[in-house]
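Okay, structure first, notes after.
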Amino acid sequence: MIISRRHLAAVALLATGMPAFVLSSAQANEADVAAVTQAVAALTKAMLTADKAQLEALTADQLSYGHSSGAIQDKADFVNVITAKKTVYKSIELSKQTVAIAGNDAIVRHAWESESGAGDGKWNVSKIGVLQVWQKQGASWRLLARQAFKV
């Protein structure tokens with residue numbers, strides 16, 4: 001096999017071009033992780049403040065929201081229960097959070113500890129694990145699915 005200057009130039013170009021591609025891909029992944037992390041925090045805040053506009057903006061129309069009890073809500077039910085104050089959150093603390101990007105989807109796992117009630121002054125403490133699936137729709141990340149489980 002004969003190696004010409006053209007072959008060497010192509011190899012050199014690939015060698016210098018690949019790290020730039022890998023770096024830009026890694027930077028895009030980091031940006032998505034940061035955006036999803038911010039979306040999770042915004043959803044938590046919207047749940048605490050019963051902010052209907054934010055709850056609707058941060059959730060996909062196809063939302064499947066699963067509770068550790070086995071109950072499942074669609075988007076309308078999820079938003080209504082919070083905004084109608086059927087469930088009031090006094091506190092929500094997330095810990096041990098991980099975010100993994102897979103194309104236009106993100107998998108988020110965290111531990112959840114909250115105080116919630118029906119607005120009657122009686123508070124229940126929940127300590128559960130949560131799996132969320134976020135989907136990039138346009139320029140925004142929206143919660144597509146959530147499943148809580150007992151730990």
Side-chain angles (χ1 to χ4, degrees), residues 12-151:
L13 181 62
L14 286 173
T16 59
M18 287 298 281
F21 170 75
V22 170
L23 181 61
S24 64
S25 176
Q27 288 172 336
N29 190 43
E30 286 178 23
D32 283 334
V33 167
V36 170
T37 300
Q38 185 176 26
V40 171
L43 181 64
T44 302
K45 181 180 177 186
M47 291 172 74
L48 285 165
T49 60
D51 185 332
K52 183 176 183 175
Q54 277 293 91
L55 290 168
E56 289 179 343
L58 290 163
T59 54
D61 291 340
Q62 308 84 357
L63 178 66
S64 176
Y65 193 93
H67 294 270
S68 61
S69 65
I72 298 175
Q73 298 171 315
D74 62 12
K75 180 177 181 169
D77 289 336
F78 168 71
V79 172
N80 183 52
V81 164
I82 295 171
T83 58
K85 310 271 186 186
K86 293 176 185 174
T87 297
V88 177
Y89 289 99
K90 183 178 181 181
S91 66
I92 300 173
E93 184 180 326
L94 307 180
S95 62
K96 302 178 186 174
Q97 184 164 288
T98 62
V99 178
I101 304 297
N104 285 332
D105 299 314
I107 300 164
V108 177
R109 290 183 177 274
H110 52 243
W112 161 297
E113 186 172 335
S114 69
E115 284 186 88
S116 62
D120 59 3
K122 296 178 185 175
W123 299 103
N124 301 310
V125 174
S126 296
K127 293 181 181 182
I128 55 176
V130 175
L131 167 68
Q132 296 179 337
V133 178
W134 290 76
Q135 185 177 65
K136 195 169 194 178
Q137 296 180 354
S140 301
W141 286 94
R142 290 185 165 55
L143 181 63
L144 179 64
R146 183 251 201 197
Q147 184 59 58
F149 52 92
K150 295 177 182 175
V151 290

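All values below come from the heavy atoms of this structure, side chains included, with hydrogens, waters and symmetry mates left out.
To the nearest 0.5 Å, atoms CG (D74) and CG (D77) are separated by 4.0 Å. Separating the OG atom in S95 from the NZ atom in K127 is a distance of 10.0 Å, to the nearest 0.5 Å. I92 CD1 to E113 CD: the interatomic distance, rounded to the nearest 0.5 Å, is 11.5 Å. Interatomic distance, OG of S114 versus CH2 of W123, reported as 10.0 Å (0.5 Å rounding). Atom-to-atom distance recorded for M47:CE and T83:OG1 is 12.0 Å, nearest 0.5 angstrom. Note that CZ of F149 and CD1 of I128 are 8.5 Å apart. Values are rounded to the nearest 0.5 Å.
No more than 12 heavy-atom neighbours from other residues, nucleotides or ligands sit within 6.0 angstrom of CD1 on I107. Applying the 6.0 Å contact sphere to CD of E115 captures more than 12 heavy atoms from other residues, nucleotides or ligands.
The two residues R142 and A57 make their nearest non-hydrogen contact at NE-O, 3.4 Å. Across every non-hydrogen atom of V151 and G129, the tightest pair is CG1-N, 3.6 Å. Residues A50 and L55 approach most closely at C-CD1, 4.5 Å, considering heavy atoms. Across every non-hydrogen atom of I72 and S64, the tightest pair is CG2-OG, 3.7 Å.
Taking 4.5 Å as the limit, every side-chain heavy atom of V108 sits out of range of all side-chain heavy atoms of W141. A 4.5 Å side-chain heavy-atom check between Q97 and T37 finds at least one atom pair inside the cut-off. Residues K86 and N80 have side chains in contact (heavy-atom distance under 4.5 Å, counting atoms from C-beta outward).
When the side chain to side chain donor-acceptor pair (under 3.5 Å) test is applied to Y65, the partners found at least two apart in sequence or on another chain are R146. For D61, the salt bridge (charged side-chain N to carboxylate O under 4.0 Å, His left out) partners at least two apart in sequence or on another chain are K75.
Here the options are V40, L63, L58, the test is side chain to side chain contact (heavy atoms under 4.5 Å, CB included), and the partner is L143; only L63 passes.
Checking side-chain atoms of Q147 against main-chain N and O of H67 turns up a donor-acceptor pair under 3.5 Å.
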Inset, instruction - Kindly indicate, with the supporting measurements, whether the criterion side chain to side chain contact (heavy atoms under 4.5 Å, CB included) is fulfilled by I82 and Y89. - result: CA-CA 8 Å; I82 295 171; Y89 289 99; 4.3 Å; yes
